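Input: a single structure, listed below in structure tokens.
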Protein chains: 2
Amino acid sequence: MATGRTHRPATRSRGIPEATVARLPLYLRALTALSERSVPTVSSEELAAAAGVNSAKLRKDFSYLGSYGTRGVGYDVEYLVYQISRELGLTQDWPVVIVGIGNLGAALANYGGFASRGFRVAALIDADPAMAGKPVAGLPVRHTDELESIIRDNGVSIGVIATPAGAAQQVCDRLVAAGVTSILNFAPTVLSVPDGVDVRKVDLSIELQILAFHEQRKAGEESGPAAAAASRTGAPARTAPVAGSGKGPEGDVPAVMPA
Amino acid sequence: MATGRTHRPATRSRGIPEATVARLPLYLRALTALSERSVPTVSSEELAAAAGVNSAKLRKDFSYLGSYGTRGVGYDVEYLVYQISRELGLTQDWPVVIVGIGNLGAALANYGGFASRGFRVAALIDADPAMAGKPVAGLPVRHTDELESIIRDNGVSIGVIATPAGAAQQVCDRLVAAGVTSILNFAPTVLSVPDGVDVRKVDLSIELQILAFHEQRKAGEESGPAAAAASRTGAPARTAPVAGSGKGPEGDVPAVMPA
DNA sequence: CACTGTGAAACGCTTCACAGCA
DNA sequence: TGCTGTGAAGCGTTTCACAGTG
């Protein structure tokens, strides 16, 4: 899960719960699809199904935005598209920079959904001088030296970090110092930022590990819940290899036993 | 945030809260770094800082796994690495397939953190016949026709979907039919899957939209909370362009006014 | 004495269930 | 009648604060 930190810590920012904000883009996408098919109205039930949530949640979410529906009828698709777009700040264009044009950075630069909805790639930035000037997704890659001037000249407030983990904090610091206040981090590191800067992270490895956890549970449940329980009681830890054998740089197995 | 659906709907799977599971990989990463620096023990305070959470949360999280710390001392790094790895199911290797070898799929295939922790790319699959056989990240791309046999032959239970949105559901259905029970979806679509299959999604566009929301709030707060509130009262909707002008396939602005 | 482990309180989110309106 | 909008209940998560212990 790519969860952000540094949200409004205490109070909700003007009444809309964070969980609701996170779902608005989902609704918007579903509504846009309906709009393209010229569907005039949707019920909460239909829209909820399209967005993959339940209808009570959807209605509650929309109630935070105001009363935009019609009882007995549903929601006006076009109107709702506009209201949600406005609420999300997508009626204006957001210039973004992508820092780190490796495989991932290039993929992001080429990602269409990027430009389609209020976001514009203002620049691609990479530390490798050999990359400088090379066109990626129609834009010339700029060198890191230009980072500050690019951000200031374009009024960029959103930065995407797609560098290796080792460079991420440093890039982050420079982005923030230059005026960026929202960061989407693809590097597998915890970024520390001053108050007022939002960070959201996307981490493939974490997502896979969460899936692995559930996958393991499924396998363990084959012999009933008892089997799954037994594999967690400490005793099976005895099957652990002896410490110090070393099958790689990754942490080995401990010699310690649980209490 | 890339949040999955189809978790255990009601009861927690054997006592560990979902929120805790989602943080275990974070702790594991921090612990691995400590392990590589041969640090023998950490306090909850230190580890929490490294993982970007607060220490009370971390202690509570670890308490679900068992009592693995020593009062007055802290946690044994190696031991904890092993316990968390085991809990996450990373002591075994998980073969994964990546479907859709475009920019993103290639980036994922090349992503190192992939292999480093319990995951092994069993195959890269693409629908484009021209891609077949081409090496990406050292593996030859296989054609979609082989999807079922690849999954069965390799005992793959985790699939990564990096196809265009339009192909995602179909690919998903085939993966599930062939035996995959966990899916990481990068395509901007809601996937529907049968019970027992876990889906987690990673969606760049949604993350950016959430950032834009907060970014907008920051800008609005310059003139105090009153200004931000005013911009949500419906009256400003009058500034909306007239519907029907059409600047593209994306939904335009509605002609309807709020109640 | 420092730090873990954990009840209990606080909080936010989800779900229920139905009043209210078109 | 059909569907929205919403109080209120229910749940899961976070935070507090301190008892327990090596």
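Just so you know, these numbers come straight off a predicted model, no measurement behind them. All chains are named by letter (A, B, ...) in the order of the sequence lines, taking the proteins before the strands, and each is independently numbered beginning at 1. All heavy atoms count here, side chains included; hydrogens, waters and symmetry mates do not.
Summarising the geometry, the separation between CD on B/Glu45 and P on D/dT15 is reported as 13 Å, rounded to the nearest angstrom. Rounded to an integer number of Å, the gap from CD1 of B/Ile16 to P of D/dT13 is 12 Å. Atoms CG (A/Leu58) and P (D/dT6) sit 14 Å apart, rounded to a whole Å.
Nearest-nucleotide positions on DNA chain C for B/Ser63 and A/Thr70 put B/Ser63 closer to the 5' end. In this structure, A/Val73 and B/Tyr75 both approach DNA chain C, and ranking their closest nucleotides by distance from the 5' end singles out B/Tyr75.
Around atom CD of B/Gln92, more than 12 heavy atoms belonging to other residues, nucleotides or ligands sit under 6.0 Å away.
Counting any heavy atom pair closer than 4.0 Å across all strands shown, B/Gly72 reaches a base atom. Residue contacts shown for A/Phe62 are absent, as no nucleic acid heavy atom lies under 4.0 Å away.
B/Ser205 and B/Gln209 share a side-chain donor-acceptor pair at under 3.5 Å.
With hydrogens and angles disregarded, no donor-acceptor distance shorter than 3.5 Å links the side chain of B/Glu45 to the backbone of B/Ser55.
Residues that satisfy the ring pair (Phe, Tyr, Trp, His ring centres under 6.0 Å) test with B/Phe62, not counting sequence neighbours, are B/Tyr27, B/Tyr75.
Of the side-chain N and O atoms in B/Tyr68, none sit less than 4.0 angstrom from OP1 or OP2 of C/dC3.
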Could you write nucleotides 14-19 of chain C as a row of B, S and -, 5' to 3', where a protein heavy atom under 4.0 Å of any base atom gives B, of only sugar-phosphate atoms gives S, and otherwise -?
SB-B-B
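Proximity of A/Val21 to B/Arg217: side-chain heavy atoms (C-beta onward) are nowhere separated by under 4.5 Å.
Listed here is the closest heavy atom pair of B/Arg23 and B/Asp61: NE-OD2, 2.7 Å.
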